[in-house]
Amino acid sequence: MESIRDRVAIIGMGCTRFGERWDMGVEDLLVEAAYEAFEDAGIQPSDIQAAWLGTVFSGITALTMSPLGLQYIPMTRVENMCATGSEALRGASYAVASGACDIALAIGVEKLKDSGQTGVKGPAIVGDNADGSSGIGSGFSAPASFAYLGTRYFHQYGLDPDHGKHLLARIAVKNHHNGNLNPKAHFHKELTVEQVVNAPIVAWPLGLYDCCGVSDGAAAAVVVRADMAKQFRKDPIFVKGLAISVGARQGVMRQDYDYVHVEENVRASRMVYEQAGIIDPRQEISLAEVHDCFTTHELVLYEDLGFSPRGKAGEDIEAGTFELNGDLPVNTDGGLKCFGHPLGASGLRMMYEIYKQLQGLAGPRQVKNPRLGLAHNLGGNAGMGIASCVILGNEKE
Amino acid sequence: MIGITSIGAYIPMYRLQREEIARMWGTQGIGGEKAVAGYDEDSITMAVAAVRECRRRCAGSAEGLYFASTTAPYREKQSAAIIASVAGLDRACVTADFANSLRSGTTALKAAHDAIKSGSNSQVLVTASDCRLGMPKGRFEQLFGDAAAAVSIGSEGVIAEIEACYSLCSDFIDVWRTASDRFAHSGEGRFINDEGYFPIMQEGISGTMKAHSLNPDDFSKIVFTASDARQHADLAKKLRFDSSQVQSPFFSEIGHVGTAGTLVMLIAALEEAKPGDRILLANYGDGVDTFILTATKSITDFPFKPLIEDQLKNARSIDYGTYLSWRDLMPLDTENLPPRNALSLSSRWRERKIISTLTGVKCRKCGTPQIHTIGQNIRICVQCQSKDNFDEYRFSDKKATLFTYAIDHLQPTKNPPGLNGAIDFEEGGRLLCELTDYDLDKVEIGMPVEMTFRKMTLDDDFINYFWKAKPIVD
């Protein structure tokens, strides 16, 4: 099995401002993201030979993609829950690596706010499967399934609830600080630990500010063969690894699952590290964009991704390790928490930040001399999850 | 010998103080409290709880299940078939709903007795359950409570022999609901007493005693219903029973619980009965049903815990606003949350075994019990990946502990905040599920829970029932 490492490069990226985009429909978001990517890559829309669209709820292929005006090229809609945007990049990358095409577009979009509702479309319950697919859970919310991680983490490691809430709040405060430096983020508001801890509870131990925003937005990447990349720009970004790991209901059906980690995350990260040749992620990775849909998840992710030893993430949080000027900055653009979470766009939004950081174009959020960045998503939840890990680098070996 | 072989009762844990109702409307409280079914309960779920309790205490299958209620959730669709499938009865089972009269519980009892006597069945379950609504501010609102009871009728292991039954019917209009009424109406009180309740009950009770040459002294207990405490006390006097012989109707503890009332009282009487004790049972509604029962020697060995007394103690008060919302008496603003998918009759049918008895599978190779929270069929073992190598495995009767949880303010519930979590069954298997009837202050990891059959949908299209976990109360 050949590694994808250094076979594909990203030469252009685009990302809309995320948020409550009452002013834009799906087609506007797509055009805005795609044309920013085309311009960044220095190509014409007619140069694109194939396209992958990632969206969970915002439409089917032809209906969604036709307004983009690409002329009779192959297009595929992909869906991998919250890892959908990453999946679009994966499809485009493999197509380019296989030689099926040389220049491909990966684009993700989600228009959630037109529903007029708070939150993502709700869980189904037993007997509630009109479309033939079963839904998630017995009538509990998305925050609840991530609250389980917090409840159990506090219990297993003997954190008293006040201390546990404090650690989670530090994550939210960090991500809001970073997002506030980012004009494209959904929210522009610094938070204090006290505000986060005292916010109304959504699903104990998660309060309002422990939960990410539900947003509209789109992000896009133009992918080419690595050996062609420098024809387009002097600073292309290379794909070092692409990994997906999907659960088989272990976490929700097996008593040996501990609810203080997400096995899908561990598996996907180990796969991607192997592809990228990373032995010590804590030392080798320059920055990470991780799936902080809820602060409890970012907490366990520090351990799942091998940044902190098991049970010790709290020490790294207290030490500021993951802050913008820390040893391993995480969610430098604000994360899902502050940048927002249009499901199909989020994976590509993370890569947009890593891409800009690796090019040294991240402005006030710029991390010093980054070399490798990790983008991580989790769709679904522990045991029925889809974890995606992508490593990008600015040097080709 | 034909008689009662087992008993079960269910009194929901919620209570509404009558003073709370009176304060709301500026009226006079009649004292005491009424039992109120939880927002996720109805006559079917309460009957299921009573039947499961009844089945736990007796061996053997039942070939019949009769359900009696004036508040069946469906006007067209049989409740008894739902209850029988949830109780795990064999499909070769006669099921029937007895409806439309407060007397229907004892009429079902009579029918069960006759079915056994005729030899067509060896054991029949009778359950009565009601969840009646009194119009806000009215007398019935204070009076009516919710409860269910179940008895098993058979000829082996009889704890109370049915020695005689007698019935009269009467087209007397006292309390009624038409097909479109939500709330019960009533005629004028003294008219009902003078021309309906007293003469009909006296005719039935005295006639039964006379026919069997028995006097009030020959009974250790008389169990009978009335529309309220005063009517109840007055009839006892007219019949010349001593107050020590009269079984409490529990009006001040749980209210008038409709068709379930007579059976709840009978169960309470049986819990105190000694071998040889004779009980006179009389039930009113469009006539009268009377029974003479005698406790047998087996009653001494019957595994009683004080069923009624324990449930009377395990009570929690709710306020009037909660009551209004649980009974859909007031339209309430709902959270702006995404809607659930529409229900599918066919996927529900495929998932019927998990819905009815929380049936999952146990792997023949590795022995792991397993069940999936959304009813997805299990074809591949989650532990050892064997394919299609399972035995059916029922989780509904297994105890479990809470492994982790969320206090979920977004869970659709009329008793917010919601609580859900992962529970681990004591003999294996994990399930993500909702919890109910919890005290948030006492929720903790490791808390023991048991499964209870509840209503899952808040807006009734057809009614989607499933299982929730509830804390085990010692």
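Hydrogens, waters and symmetry mates play no part in the numbers below; they use all other heavy atoms, side chains included. So that the names make sense, note that chain A is the first sequence line, chain B the second, and so on, each numbered from 1. Please read all numbers here as calculations on a predicted model, not as lab measurements.
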Point-to-point distance, once rounded to the nearest 0.5 Å, from CG of B:N420 to OG of A:S141: 6.5 Å
Does a sphere of radius 6.0 Å around CZ in B:R379 hold more than 12 heavy atoms from other residues, nucleotides or ligands, not counting ones at 6.0 Å or beyond? no
Residues of residues 152-168 of chain A contacting chain B, heavy-atom criterion under 4.5 Å, by residue number: A:R152, A:H155
Hey, which residues of residues 252-261 of chain A are touching chain B, say heavy atoms under 4.5 Å apart? A:V252, A:M253, A:R254, A:Q255, A:D256, A:Y257, A:D258, A:Y259
Of the backbone (N, CA, C, O) and the side chain (C-beta and beyond), which part of A:A144 lies under 4.5 Å from a heavy atom of chain B, both, or neither? both
Around B:W349, counting heavy atoms of other residues, nucleotides and ligands shown, do more than 12 lie under 6.0 Å from its CH2? no
Heavy-atom contacts under 4.5 Å, residues 199-209 of chain A to chain B: A:I201, A:V202, A:A203, A:W204
Under a 4.5 Å heavy-atom cutoff, which of B:Y405, B:F403, B:F425 has the most pairs with chain A? B:F403
In terms of heavy-atom pairs under 4.5 Å with chain A, the winner among B:P417, B:G418, B:G428 is B:G428
Please examine the side chains of B:D408 and A:P143, heavy atoms only from C-beta on, and report whether any two atoms are closer than 4.5 Å. no
I'd like to know whether CG of B:L440 has more than 12 heavy-atom contacts from other residues, nucleotides or ligands below 6.0 angstrom. yes
Between B:I371, B:T368, B:T404, which shows the greatest number of heavy-atom pairs under 4.5 Å with chain A? B:T404
With only heavy atoms counted, which part of B:L419 is less than 4.5 Å from chain A, the side chain, the backbone, both or neither? neither
Residues 392-400 of chain B, side-chain donor-acceptor partners within the protein, below 3.5 Å, at least two apart:
| unit_1 | atom_1 | unit_2 | atom_2 | d |
| --- | --- | --- | --- | --- |
| B:E392 | OE2 | B:K353 | NZ | 2.4 |
| B:S396 | OG | B:T357 | O | 3.2 |
| B:D397 | OD1 | B:R52 | NH2 | 3.1 |
| B:K398 | NZ | B:R394 | O | 3.4 |

Who wins among B:D424, B:I378, B:L431 for the most heavy-atom pairs under 4.5 Å with chain A? B:D424
Could you walk me through whether A:Q250 and B:R430 satisfy the side-chain contact (heavy atoms from CB on, under 4.5 Å) test, starting with their C-alpha distance in whole Å, then the side-chain angles of each, then the deciding distance to 0.1 Å, before giving a yes or no? CA-CA 10 Å; A:Q250 301 93 337; B:R430 171 175 288 180; over 6 Å; no
